[in-house]
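Report on one structure; see the data block that follows.
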Amino acid sequence: ASGAQAFFHVAENGTLAYLRDSELESDAQVMWSARDGAESATSIRKGKIRDVTLSHDGRLAALTIFDRVSDIWLHDFARGTTIRLTTAKAAAFNPIFSADGRYVYYTNESPSWDIWRVPVDGSAPPSEVLTSPLDKHPSSVGPDGLLWFRESGAAGTRLRVLDPARPGEVRTVLEFASSDFNGRLSPDGRWFAYHAAATLGGTPDVFVVRADGTGRQQLSASGGRAPRFVREGREILYFTGDSVMAVPFDPATGDAGIA
């Protein structure tokens with residue numbers, strides 16, 4: 001997908017939905033991109049869109065749309081409708097779906113970057129999940145309902161996990177000196193793929209680890225960003241420059257190739 005950067009998400013069948021870097025300061029069109037390079041516009045209306053995340057079944061998209069402030073919106077592809085899920089006082093962004101598709105988790109500026117969630121059916125207002133002085137961004141929600149998030153501060157970045165029902169019980173999986181970090185959990189909840197730089201300001205590479213943070217494998221040969229599992233966890237896609245790379249992955253053994 002030439003000209004695209006890491007504002008994208010991948011459907012389970014490997015189809016890519018993305019925003020072009022050149023459109024980030026203007027009205028953007030979310031596009032589909034197939035593996036053969038064929039592109040087509042989605043039914044999402046053009047707008048000041050900053051993030052796009054697909055539900056696990058591909059029926060819905062959670063979006064960050066700027067309209068005086070950034071808010072979370074929900075698009076239904078079958079109905080062609082887009083509804084607003086949040087009305088933030090400052091900014092709401094970085095949406096992800098829960099594994100069961102019932103909730104959208106997101107970052108809410110209040111004034112630190114905290115984690116909130118809202119039901120996709122609008123049956124309840126947004127509610128706070130985790131607040132602290134450090135900035136937090138949801139990364140994934142596993143099949144067990146546990147929330148994976150990155151937490152950043154002056155000391156660096158940590159990948160952490162919590163049960164939304166018991167937000168006081170948080171465990172740390174990985175720690176990094178650099179804040180340049182982004183990743184996703186595998187569909188079975190056993191693996192986590194991420195990009196990180198070895199040094200501050202360095203070029204990030206793509207890695208995969210077990211859910212307990214052990215067994216790290218490097219997947220990229222010359223840098224990469226924003227890995228995503230597709231095809232029931234049997235493949236990992238990531239960006240390197242303007243290209244999308246694909247790495248075969250065996251979720252049973254953790255064996256992976258290098259791209």
Side-chain angles (χ1 to χ4, degrees), residues 1 4-19 51-58 60-64 93-101 103-107 115 117 136-152 157-162 164 172-174 176 179-197 204-220 223-240 244-251 254 256-257 259:
Q5 67 157 15
F7 290 87
F8 80 105
H9 202 79
V10 187
E12 179 60 28
N13 64 4
T15 301
L16 186 74
Y18 71 92
L19 298 173
D51 300 310
V52 55
T53 301
L54 300 176
S55 61
H56 296 281
D57 58 12
L60 305 172
L63 311 161
T64 300
F93 55 98
N94 187 44
I96 63 166
F97 284 92
S98 60
D100 60 12
Y103 291 94
V104 170
Y105 287 77
Y106 62 95
T107 300
I115 297 177
R117 74 177 185 179
K136 298 160 293 299
H137 303 267
S139 291
S140 299
V141 180
D144 53 7
L146 297 184
L147 171 66
W148 293 63
F149 66 99
R150 61 184 171 100
E151 181 182 78
S152 302
T157 298
R158 294 188 290 182
L159 174 64
R160 311 196 77 189
V161 183
L162 68 81
T172 299
V173 179
L174 297 169
F176 307 93
S179 61
D180 191 354
F181 172 87
N182 184 291
R184 287 292 188 274
L185 190 67
S186 62
D188 62 7
R190 297 179 57 203
W191 309 92
F192 193 87
Y194 66 93
H195 82 242
D205 271 299
V206 174
F207 305 88
V208 64
V209 294
R210 298 186 184 94
D212 62 3
T214 64
R216 187 179 80 161
Q217 298 181 69
Q218 183 170 332
L219 304 182
S220 59
R225 289 182 177 276
R228 302 289 187 268
F229 288 91
V230 296
R231 300 185 184 277
E232 298 180 343
R234 297 192 301 272
E235 192 173 49
I236 298 173
L237 304 185
Y238 65 89
F239 269 118
T240 178
V244 178
M245 310 298 288
V247 177
F249 183 76
D250 185 341

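Just so it is clear, the values below take in all heavy atoms, side chains as well, and ignore hydrogens, waters and symmetry mates. If you read the sequence from its start, that first residue is 1, and numbering goes on from there.
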Requested in this report: Taking the side chain as every heavy atom from C-beta outward, state whether L174 and Y194 have any atom pair closer than 4.5 Å.
Outcome: yes
Does R150 qualify as a cation-pi partner of F181, given the criterion of NZ or CZ under 6.0 Å from the six-membered ring centre and within 45 degrees of its axis?
no
Nearest heavy-atom approach of I96 to R184 is CG2-NH2, 3.9 Å
Value for CD (E235) from CG (D250), rounded to nearest 0.5 Å, stands at 13.0 Å
To the nearest 0.5 Å, atom CZ of F207 lies from atom OH of Y238 at 10.5 Å
Does the T64 side chain pair with the main chain of F93, one donor and one acceptor, at a distance under 3.5 Å? no
In this structure, CG of D51 is separated from CG of L63 (nearest 0.5 Å) by 8.5 Å
Nearest heavy-atom contact between S220 and D205 is OG-OD1, 2.6 Å
Scanning both residues in full, the closest heavy-atom pair of P204 with H195 reads CB-CD2, 3.7 Å
Worksheet item: With a 4.5 Å heavy-atom cut-off, do L60 and F97 have their side chains touching?
Response: yes
Below 30° counts as parallel, above 60° as perpendicular, anything between as tilted: where do the rings of F249 and W191 land? perpendicular
Discussion item. I'd like to know if the side chain of T53 reaches the main chain of P95, judged simply by a donor and an acceptor atom lying under 3.5 Å from each other, with no hydrogens or angles considered.
Written reply: yes
Closest heavy-atom pair, F149 versus V161, reported as atoms and distance to 0.1 Å, is CE2-N, 4.1 Å
Separation between CZ (R210) and CZ (R216), nearest 0.5 Å, reads 13.5 Å
**Request:** Report yes if some heavy atom in the side chain of D180 is under 4.5 Å from a heavy atom in the side chain of R225; otherwise report no.
**Result:** yes
With F192 as partner, the option from P227, S186, S139 fulfilling side-chain contact (heavy atoms from CB on, under 4.5 Å) is S139
* Asked: Step by step, would you call Y103 with V141 a side-chain contact (heavy atoms from CB on, under 4.5 Å)?
  -> CA-CA 10 Å; Y103 291 94; V141 180; over 6 Å; no
Any donor-acceptor pair under 3.5 Å from N94 side chain to P138 backbone: yes
In short, L185 meets S140 closest at the heavy-atom pair N-OG, 2.8 Å
Closest non-hydrogen contact found for G145 with P164 is O-CD, 3.3 Å
- Query: Heavy atoms, side chains only, cut-off 4.5 Å: are V244 and F239 in contact?
  - Reply: yes
**Message:** Checking the side chain of S179 only, and the main-chain atoms of T157 only, is there a donor and an acceptor separated by less than 3.5 Å?
**Reply:** no
So CG of L147 and NZ of K136: to nearest 0.5 Å the spacing works out to 11.5 Å
